[in-house]
Visitor: 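Please find one structure pasted underneath; my questions will follow.
Just so you know, residue 1 is the first one in the sequence shown, and it goes up from there. The structure presented is a predicted model; accordingly, all values stated were derived computationally and were not measured. We count ligands from 1, going down the list as the structure has it; atoms in each ligand are counted the same way.
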Amino acid sequence: MTDKKTDPKSLSEFFSKDPEAADKAFFGRVSNPDRRGFLKGAGLATMGAMLGSAIPFHRTMPTGLVPVALADEEILVGKDGLTLLNDRPVNAETPAHLLNDAITPTARHFVRNNGIPPEEVDVDAWTLTIDGLVDNPMTLSIKDLKEKFEVHEMALVVECGGNGRAAFDPPAKGNQWTLGAVACSKWTGVKLKDVLNAAGVKSNAIYTAHVGADEHLSGNPDKLPISRGMPIEKAMNDNILIAFEQNGEPIHPLNGAPLRLVVPGWPGSLSHKWLKRIYLRDIVHDGPKMTGKAYRVPNRPVEPGEKVDKKDFEIIERMPVKSLITSPETGGNSGLSMKVNGHAWSGDRKVKQVDISLDFGATWQKATLNDPINDGAWQNWEADVTFPEAGYYEVWARATDDAGEAQPFAINWNPKGYLNNSMHRIAVRVS
Ligand SMILES: Nc1nc2c(c(=O)[nH]1)N[C@H]1C(S)=C(S)[C@@H](COP(=O)(O)O)O[C@H]1N2
Ligand SMILES: [Mo]
């Protein structure tokens, strides 16, 4: 007797009978039906071309099986060059050198999902409800938002609170983001403060609570994957949008289409995607990922690996000063002179200086730093550097903000792996 579960013949049968079910059982996900149809019709040569090489064992490859290399790509349709860290929920970051544009193209905007995005989104039927502690609870279509409020376009930084977690030692659980859980796309929408003012904020409201249309991983419709909120004073900031466009086009499905919050300067988790409801509360919001140790750090310095009591954690507010070197790509070659450039940002503050070091931090040279194109955008910087002779170098970048806070050499370790703003360094071989 052969075991059905391990017999390759039954695998082939499974795929030929019901490729959807087989795919789900095999990958834990269903492939995009259009893509599957295409792959089914595609000859081996076409599939080989898509994979960039032949498939030596194609004879034993079940018909209808989507190669995992293509499946990854398929999850990230409309994204370009992102590294997939997890496929359920989808989490993908952008390599630093692909973040070189002043405004991040949609295809390069990272993806951080806690649940499963809504599948069929009807833009015309989509509504946003504003309720809780407001005088006039409202339910608005996207058309209503566009007609009733002034529309603004702003470049805004979204950075995940856990960006840089991969460098933590001892390691912190969660997505192992390196550098690329940050982006600055142009968002078009209406100001949250305008909508809240129209709804009339009651005097006892102290906190927002955000609800989206994504599904909890368990499939339980009564559970939200995430619901965070912010103090009312922050919600009234002039640079927070309820956005319906990303870079002049409908928002990418993985970035929250058709409607999302964009809250620059604070953890990305406040920028609620697939936004359905904002309600105001008279307590600090206690939705999923607001309580416990989620998006919280110790309220005092701790040693790496130290156990910290729950009561010593506080909610993360602004994100710390940080910079990225986006050109050249790390590990490249250069002549004796080279142009270096990148971005710098600091939550709720302006960056006042970016410095570059070629000698492991012994001496620094000032980069040319631009103003943000609007409040909440990152700032672009560039520098011409000259190396004294051929050899191995590192270029380090250090941003300092207008409160005098500078990026540290070392990681500020905390149990959940948040807020790593240590300096970015790249390797250069000079010949
Ligand atoms: N509805 C919903 N909104 C969400 C999330 C989510 O899982 N569900 N993830 C949040 C987190 S943790 C981050 S960092 C940002 C990331 O935005 P992006 O995926 O567009 O890059 O979305 C936030 N908004
Ligand atoms: Mo995040």
Visitor: For Lys273 and Asn113, which I'm curious about, is there any donor-acceptor pair between the side chains at under 3.5 Å?
Guide: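 A donor-acceptor contact under 3.5 Å links the two side chains.
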
Visitor: Give a table of atom pairs where an N or O of ligand 1 lies under 3.5 Å from a protein N or O.
Guide:
residue  : atom   : partner : partner atom : Å
ligand 1 : 1 (N)  : Asp214  : OD1          : 3.0
ligand 1 : 1 (N)  : Asp214  : OD2          : 3.2
ligand 1 : 1 (N)  : His272  : NE2          : 3.1
ligand 1 : 1 (N)  : Lys273  : O            : 3.0
ligand 1 : 3 (N)  : Lys273  : N            : 2.9
ligand 1 : 7 (O)  : Asn114  : N            : 2.7
ligand 1 : 7 (O)  : Asn114  : ND2          : 2.8
ligand 1 : 8 (N)  : Asp214  : OD2          : 2.6
ligand 1 : 9 (N)  : Arg112  : O            : 3.1
ligand 1 : 9 (N)  : Asn114  : ND2          : 3.3
ligand 1 : 17 (O) : Arg260  : NH2          : 3.2
ligand 1 : 19 (O) : Arg112  : N            : 2.9
ligand 1 : 19 (O) : Lys273  : NZ           : 2.5
ligand 1 : 20 (O) : Asn255  : ND2          : 2.8
ligand 1 : 20 (O) : Arg260  : NH1          : 2.6
ligand 1 : 21 (O) : His109  : ND1          : 3.2
ligand 1 : 21 (O) : Phe110  : O            : 2.7
ligand 1 : 24 (N) : Ser271  : O            : 3.0

Visitor: Report all side-chain donor-acceptor pairs from residues 181-190 shorter than 3.5 Å, counting only partners two or more places apart or in another chain.
Guide:
residue : atom : partner : partner atom : Å
Ser185  : OG   : Thr104  : O            : 2.8
Ser185  : OG   : Asn247  : ND2          : 3.3

Visitor: Would you mind checking if Asp401 and Lys350 are paired as a salt bridge, meaning a charged N to carboxylate O distance below 4.0 Å?
Guide: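 Judged by the 4.0 Å cut-off on N to carboxylate O distance, Lys350 and Asp401 do not form a salt bridge.
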
Visitor: Could you verify whether a donor N or O on one side chain and an acceptor N or O on the other, from Glu394 and Trp396, lie under 3.5 Å apart?
Guide: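 Side chains of Glu394 and Trp396: pair found under 3.5 Å.
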
Visitor: Could you list all the salt bridge (charged side-chain N to carboxylate O under 4.0 Å, His left out) pairs where at least one residue sits in residues 210-237, not counting sequence neighbours?
Guide: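 Every salt bridge (charged side-chain N to carboxylate O under 4.0 Å, His left out) pair that includes a residue of residues 210-237, provided the two are not neighbours, is Lys234-Asp348.
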
Visitor: Quick one: which residue pairs count as a salt bridge (charged side-chain N to carboxylate O under 4.0 Å, His left out) with a foot in residues 278-289, not counting sequence neighbours?
Guide: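 Sorted pair list: Arg281-Asp286.
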
